[in-house]
Number of protein chains: 2
Amino acid sequence: MAATKPMRDQVTDYIISLQTSIVEALEKLDPSAAPFKRDSWVRSEGGLGQSCVFAVDPESKDATAHQTILEKAGVNISVVHGQLPPKAIAQMRADHSEIPYDPESGKSLPFFAAGLSLVIHPRNPHAPTVHANYRYFEISEAAEESDATPPQLYSADKAQGKVIAWWFGGGSDLTPSYLYPEDAAHFHDTLKSACDPHHEALYPAFKKWCDEYFYIPHRKETRGIGGIFFDDLSPADHKRLSEEANKTKPKTPEDIFAFVQSCGNSFIQSYVPILEKRHATPWTDTQRRWQLIRRGRYVEFNLVYDRGTKFGLQTPGARIESILMSLPEIARWEYMSDMGTQEDTEEAKLLAVLREPKEWATTAAH
Amino acid sequence: MAATKPMRDQVTDYIISLQTSIVEALEKLDPSAAPFKRDSWVRSEGGLGQSCVFAVDPESKDATAHQTILEKAGVNISVVHGQLPPKAIAQMRADHSEIPYDPESGKSLPFFAAGLSLVIHPRNPHAPTVHANYRYFEISEAAEESDATPPQLYSADKAQGKVIAWWFGGGSDLTPSYLYPEDAAHFHDTLKSACDPHHEALYPAFKKWCDEYFYIPHRKETRGIGGIFFDDLSPADHKRLSEEANKTKPKTPEDIFAFVQSCGNSFIQSYVPILEKRHATPWTDTQRRWQLIRRGRYVEFNLVYDRGTKFGLQTPGARIESILMSLPEIARWEYMSDMGTQEDTEEAKLLAVLREPKEWATTAAH
């Protein structure tokens with residue numbers, strides 16, 4: 001028996017268990033709603049996944065069937081592998097110069113990618129949408145002699161090419177239609193508490209990155225009130241961290257994975273209490289209308305700017321249903337909407353913090 | 001007095017008059033509905049436009065107020081000009097090698113663009129969405145001495161740099177949720193009748209281009225049942241036409257403009273009779289659901305692939321509300337929807353022709 005499982009298998013185990021915990025926490029919250037639909041799939045090019053999806057049967061005539069806490073939600077994992085073509089390797093080397101590769105060789109390299117991705121759109125306009133994604137990416141040496149070996153999901157006891165580059169990415173962010181500053185603070189505080197034990201430079205750097213990443217240039221506003229976003233976490237120095245922080249940041253696979261697990265494990269605590277507090281708040285048709293307009297912005301961000309979505313849509317053989325799971329059940333667009341234009345309204349208060357991101361964390365660094 | 005108005009002014013006059021005709025035809029169809037909202041705007045960088053937009057006041061509690069034939073519609077014109085930066089000129093020269101320009105000069109060139117753009121989303125799932133766009137683009141010599149002249153909209157009696165390149169583009173396409181082959185044939189026949197007198201090679205070439213342009217790769221389907229799409233119509237040979245057709249196609253500004261006007265003028269006849277026929281067809285909640293799913297696909301095409309939308313969203317100072325006017329009032333996304341998956345349903349019949357575009361015109365070339 002191997003002393004330590006390869007990281008790819010540790011990550012795979014972790015995201016499977018995280019998916020289960022999150023789905024169960026959401027199901028427990030709304031026991032009268034139908035359970036999430038578990039939908040396993042296999043990628044013919046190599047890999048598999050499981051989508052856990054919530055939606056109400058649109059044909060149900062039973063009015064109470066539509067009174068669920070969630071409106072549409074997906075908690076998906078995927079574990080895929082294959083060959084990375086030279087062009088993709090060249091693109092990745094822009095951020096990962098450590099990948100030993102001769103662009104002249106024209107060779108493909110084996111890759112492995114495992115991740116969890118979730119989006120939860122609650123029904124109540126006072127309850128925010130949330131998104132989280134944690135992922136691991138690995139590139140191996142071309143294993144000359146084993147080219148003909150069929151792809152394997154679990155590799156612990158299989159021969160495989162030496163891993164030549166790997167990194168983690170992830171994050172979680174909140175998208176309210178109505179701003180409750182205490183919810184924003186709770187969300188950020190929880191993430192900060194998950195980050196701080198691993199290095200106090202992580203939360204501030206990744207909070208800022210999140211605000212920058214989830215920005216909708218044509219609307220001049222962020223998608224929501226942020227959270228954390230990170231990519232390219234590897235032993236190498238990180239471009240988003242100071243020289244000082246890079247000296248002491250997590251560097252080993254174990255330390256980086258521990259940080260990512262800490263973030264992932266904080267998800268339920270960061271979000272479920274907010275959902276518990278807001279899901280039964282009475283709402284008006286006008287508030288629902290505003291929520292649907294905000295969901296339109298969510299669609300705009302995801303389809304026009306989100307790198308993961310764009311990359312997915314361009315990937316031949318990608319599972320489109322899993323990629324577009326993030327889209328809300330219903331979105332709305334109004335020409336020159338008056339909503340949010342009048343000062344001192346609840347809608348304008350949200351827009352103010354989307355136009356100028358705030359610091360939400362109330363706790364000092366440890 | 002000038003014997004002939006410059007083309008920019010002829011086109012401006014034309015699109016203003018076409019906008020008026022189309023809006024009036026739509027208003028006449030539904031006299032009990034509120035009129036289109038006329039919304040004029042000025043672009044500080046040079047230019048102006050008028051959006052004519054239809055939407056029902058979402059806050060109206062009067063149920064009959066929501067029983068309009070149209071659900072959301074916009075018929076917009078814009079006439080803008082300014083300076084084209086070297087990078088944009090370089091891009092344009094890929095399709096217009098005739099533009100005399102030294103990339104080493106680093107100079108900007110004056111441009112002028114005028115166009116009409118419309119999208120009509122009716123309420124009834126049996127009535128199709130339609131889109132049309134006709135546009136004229138012009139590049140002039142840098143007018144060294146008049147650089148400081150403020151931009152002018154109408155230029156007939158003003159000194160201006162010599163026009164060094166110009167072209168027309170446009171087209172119109174239909175997006176049904178339910179397929180009525182006779183409507184598709186009527187729409188294509190009308191467009192074909194508008195094209196054929198100007199050259200019989202135009203309709204077949206631009207029908208094919210339309211099917212290719214309005215393709216959603218990640219869904220492996222077209223947005224709708226097509227129509228015509230063209231760009232880069234100028235005196236030069238056109239890449240979409242055969243060597244033979246290029247010898248006799250419209251080449252002069254007058255002939256090309258006459259062709260574009262013929263297409264634009266056919267719009268009302270191509271669409272309004274279909275709307276008249278379908279707007280009162282009874283529909284079910286399930287048919288409405290399917291219509292909203294199809295509108296989700298419309299959003300996907302426009303935000304992910306449409307070049308005009310993408311270009312607009314990237315243009316600093318662009319009028320976002322006019323660009324996103326094309327989006328439907330409501331769109332819907334379901335994970336792994338069952339709609340359209342069962343053979344012999346009306347939904348599946350639509351998908352079949354979106355997956356494999358058909359020839360719809362029933363009339364022979366003249």
Side-chain angles (χ1 to χ4, degrees), chain A residues 37 39 41 51-59 61 72-74 76 121 216-220 284-286 288-290 292-293 295-297 299-305 309-310 312-316 318-339, chain B residues 37 39 41 51-59 61 72-74 76 121 216-220 284-286 288-290 292-293 295-297 299-305 309-310 312-316 318-339:
Chain A
K37 189 178 147 196
D39 193 7
W41 49 268
S51 298
C52 295
V53 179
F54 180 85
V56 172
D57 174 9
E59 297 295 320
K61 302 296 176 205
K72 189 176 174 207
N76 298 351
H121 295 289
I216 309 177
H218 67 265
R219 297 292 189 181
K220 298 189 175 66
T284 66
D285 287 350
T286 304
R288 171 69 172 167
R289 181 182 147 214
W290 174 243
L292 298 184
I293 292 173
R295 290 195 169 159
R297 302 295 166 94
V299 171
E300 288 176 28
F301 177 83
N302 287 20
L303 293 182
V304 181
Y305 301 107
T309 305
K310 287 170 78 162
L313 294 182
Q314 286 163 18
T315 305
R319 194 164 186 272
I320 296 305
E321 292 293 333
S322 296
I323 296 163
L324 297 182
M325 167 278 295
S326 65
L327 301 180
E329 185 168 275
I330 299 278
R332 179 178 177 91
W333 284 271
E334 297 182 4
Y335 174 78
M336 299 284 279
S337 182
D338 59 329
M339 293 206 80
Chain B
K37 188 178 146 197
D39 192 9
W41 50 267
S51 297
C52 295
V53 179
F54 179 85
V56 172
D57 173 9
E59 298 295 319
K61 304 293 176 205
K72 188 175 174 209
N76 298 352
H121 295 288
I216 309 176
H218 66 265
R219 297 293 190 180
K220 298 190 175 66
T284 65
D285 288 348
T286 304
R288 172 70 172 166
R289 183 183 146 212
W290 174 242
L292 297 184
I293 292 173
R295 288 193 172 161
R297 302 294 166 95
V299 171
E300 289 176 28
F301 178 82
N302 287 19
L303 293 182
V304 182
Y305 302 107
T309 304
K310 287 171 77 159
L313 294 182
Q314 286 163 16
T315 304
R319 194 165 185 273
I320 297 304
E321 291 293 334
S322 296
I323 296 163
L324 297 183
M325 167 280 294
S326 64
L327 301 181
E329 186 168 274
I330 299 277
R332 180 178 177 91
W333 284 271
E334 297 180 5
Y335 173 78
M336 300 283 279
S337 182
D338 59 329
M339 293 205 80

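In what follows, chains carry the letters A, B, and so on, assigned in the order in which the sequence lines appear, proteins first and then strands, with residues in each chain numbered from 1.
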Among the listed options B:Ile330, B:Asp338, B:Leu292, B:Ile293, the residue most often paired with chain A at heavy-atom distances under 4.5 Å | B:Ile330
Looking at B:Ile323, B:Asp39, B:Asp285, which one has more heavy-atom pairs under 4.5 Å with chain A than the rest?
-> B:Asp39
Picking from A:Met325, A:Lys72, A:Gln314, which has the most non-hydrogen pairs under 4.5 angstrom with chain B?
-> A:Lys72
What part of A:Glu300 lies closer than 4.5 angstrom to a heavy atom of chain B: side chain, backbone, both or neither?
-> both
Name the region of A:Ala331, side chain, backbone, both or neither, that has any atom closer than 4.5 Å to a heavy atom of chain B.
-> both
Among B:Ser337, B:Gly74, B:Ser51, the residue with the most heavy-atom pairs under 4.5 Å to chain A is B:Ser51
Counting heavy atoms not belonging to A:Lys220, are there more than 12 under 6.0 Å from its NZ?
-> no
Atom pair CH2 (B:Trp333) and NE2 (A:His121), whose distance is rounded to the nearest 0.5 Å | 10.0 Å
Can you see which heavy atom on B:His218 is nearest to which on A:Leu313, and at what distance?
-> CG-CD2, 3.7 Å
Taking all non-hydrogen atoms of both residues into account, name the closest pair between B:Arg219 and A:Leu324 and its distance.
-> NH2-CD1, 3.3 Å
Could you give the distance from CG (B:Leu303) to CZ (A:Phe301), rounded to the nearest 0.5 Å?
-> 13.0 Å
Looking only at non-hydrogen atoms, find the nearest pair between B:Tyr335 and A:Ser322 and report the distance.
-> CE1-N, 4.4 Å
Heavy-atom pair with the smallest gap, counting every atom of A:Glu321 and B:Glu334 = OE1-O, 3.7 Å
Could you look at A:Arg332 and say if it's the side chain, the backbone, both or neither that has a heavy atom under 4.5 Å from chain B?
-> both
